[in-house]
Number of protein chains: 2
Amino acid sequence: MLAPQTVGILGGMGPAAGADFVRLFVDACARLLRAHGQVVGDQAFPEHWLAQVPVPDRSGALESSESGAHQPLEPMLQALGRLAALGSRAVAIACNTAHAWHGTLQARFPQVEVLHVAREVSAHLAAQGVRGAALMATEGTYRVGLYAQAMADAGIACHLPRDEERRLLMRGIYDGVKAGDMGLARSCFSGVALQLAQRHGPVAIVMGCTEIPLGLQGAAGTEGLALLDPAQVLASALAARAYRGAPGHPP
Amino acid sequence: MLAPQTVGILGGMGPAAGADFVRLFVDACARLLRAHGQVVGDQAFPEHWLAQVPVPDRSGALESSESGAHQPLEPMLQALGRLAALGSRAVAIACNTAHAWHGTLQARFPQVEVLHVAREVSAHLAAQGVRGAALMATEGTYRVGLYAQAMADAGIACHLPRDEERRLLMRGIYDGVKAGDMGLARSCFSGVALQLAQRHGPVAIVMGCTEIPLGLQGAAGTEGLALLDPAQVLASALAARAYRGAPGHPP
């Protein structure tokens with residue numbers, strides 16, 4: 001019997017988001033198994049490895065121009081190499097900002113498919129006929145135009161928050177989720193989400209930093225928003241790669 | 001600066017429990033950092049690796065006497081060896097029943113400390129002055145007396161469910177959580193938990209299978225029970241091992 005392929009998750013950025021990504025991946029695998037009429041049980045899941053390694057701050061490195069931009073790269077390259085050595089055929093990076101280094105990571109390990117979160121999200125939105133989306137993200141992600149580029153390629157308008165809203169997002173990410181203060185995170189994130197919805201109408205709101213869904217969970221007033229979690233899209237994409245070619249699954 | 005040590009998590013049994021164990025471990029690390037007045041941030045967490053590998057059913061193997069008992073061992077040994085090669089100084093196994101093979105796993109990799117969930121739980125209960133506990137677990141765990149032995153060594157009486165209750169637990173574990181039917185899991189688990197509480201009074205109820213806490217979450221009527229999640233105790237123990245000897249932490 002052809003088994004699903006081994007896949008990897010490059011995490012630690014932050015560790016809570018990495019842990020949550022594994023949960024999303026396991027859920028996505030179970031959904032995929034059910035959709036193909038397969039029995040869901042321990043042995044039906046693909047082998048997968050999660051690397052949670054300390055990586056210098058991504059937004060900080062992108063801010064300090066050339067001098068700092070290599071800092072997060074080394075530990076990510078090392079962890080990716082080890083995930084490749086463990087047999088991973090595809091790897092997802094559980095951090096949006098880290099995708100600023102996606103090109104280098106992919107080029108260094110051509111034998112592994114390194115998924116790209118913004119391209120997966122853009123393809124997902126385009127497939128649903130979405131033409132515009134607002135982006136909640138880190139300064140680093142805005143700076144490198146990660147989603148703006150991928151969305152433009154897919155014909156989707158990308159609406160960005162204002163400067164003071166960006167500062168609120170960074171506060172919610174760093175002083176909120178990363179520091180374990182979920183109340184602060186919730187108030188920062190929900191404020192910005194509601195302002196974006198008010199300004200741009202019923203567009204999709206992309207929670208383009210893995211810490212944002214963790215902090216926005218159950219925030220009052222956000223029930224009606226079209227919030228999209230890129231980690232969920234990326235986890236589904238990774239599950240699809242793991243089962244590609246397995247019996248009962250599409251090639 | 002002395003960094004925390006790399007640790008590993010041996011999971012996949014089942015994968016949802018493995019994912020949840022990483023969440024518990026990250027939470028435990030954050031609590032430990034805070035308790036020692038350290039700043040919680042991405043780079044303060046220990047490097048950790050999660051191996052989610054397909055392992056043949058543990059209870060099934062223990063049932064079929066000698067002939068089947070080696071089946072889960074090989075993939076666990078292989079994954080543990082890889083976690084050791086990745087630099088793990090301590091490893092937690094995110095499956096109670098799998099601890100039936102703890103002795104062999106530990107003997108084969110003496111350079112790694114393989115934590116023992118039942119011993120950690122017994123020490124935790126004894127430290128709180130608990131003298132009796134009821135055990136919800138798999139047939140495999142009952143068969144090898146995993147908790148009975150560890151609790152006896154710690155001077156704690158171990159109350160076991162009746163045959164029909166054990167069957168309900170197995171149903172909730174296999175047809176419930178492992179198959180993704182959380183409603184079924186909830187009704188099986190809560191029924192047994194309430195019966196144990198009625199029969200043995202206000203004793204601790206040990207949820208001695210990683211699938212049980214996942215299925216018992218938010219079950220009606222269980223709010224007043226003294227439910228103990230061994231995964232939480234084990235995750236805290238692993239976090240303590242990771243920070244042992246790090247600056248600001250006990251040696």
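Below, chain A is the first sequence line, B the second, and so on; all start at residue 1.
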Could you look at [X] and say if it's the side chain, the backbone, both or neither that has a heavy atom under 4.5 Å from chain B?
{"X": "A:A30", "value": "neither"}
{"X": "A:R58", "value": "side chain"}
{"X": "A:V55", "value": "backbone"}
{"X": "A:V40", "value": "both"}

Roughly how far, to the nearest 0.5 Å, is the [atom2] atom of [Y] from the [atom1] atom of [X]?
{"X": "B:Q43", "Y": "A:D57", "atom1": "CD", "atom2": "CG", "value": "6.0 Å"}
{"X": "A:D42", "Y": "B:E211", "atom1": "CG", "atom2": "CD", "value": "6.0 Å"}
{"X": "A:H48", "Y": "B:L50", "atom1": "NE2", "atom2": "CG", "value": "6.0 Å"}

If you count heavy-atom pairs within less than 4.5 Å of chain B, which of [options] leads?
{"options": "A:A179, A:A16, A:G14", "answer": "A:A179"}
{"options": "A:Q52, A:M13, A:E47", "answer": "A:Q52"}
{"options": "A:P46, A:P56, A:C29, A:G11", "answer": "A:P56"}

Tell me the closest heavy-atom pair linking B:P54 and A:F45, and the distance in Å. CG-O, 4.0 Å
Whether over 12 other heavy atoms sit under 6.0 Å from A:R23 CZ: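 Check passes, neighbour count above 12.
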At a heavy-atom separation under 4.5 Å, does B:P75 approach chain A through its side chain, its backbone, both, or neither?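 Contact with chain A is absent: no heavy atom of B:P75 under 4.5 Å.
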Considering heavy atoms only, which positions within residues 83-91 of chain B lie below 4.5 Å of chain A?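 Residues in range: B:L83, B:A85, B:L86.
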Would you mind telling me which of B:A44, B:A19, B:P15, B:G12 has the largest number of heavy-atom pairs within less than 4.5 Å of chain A? B:P15
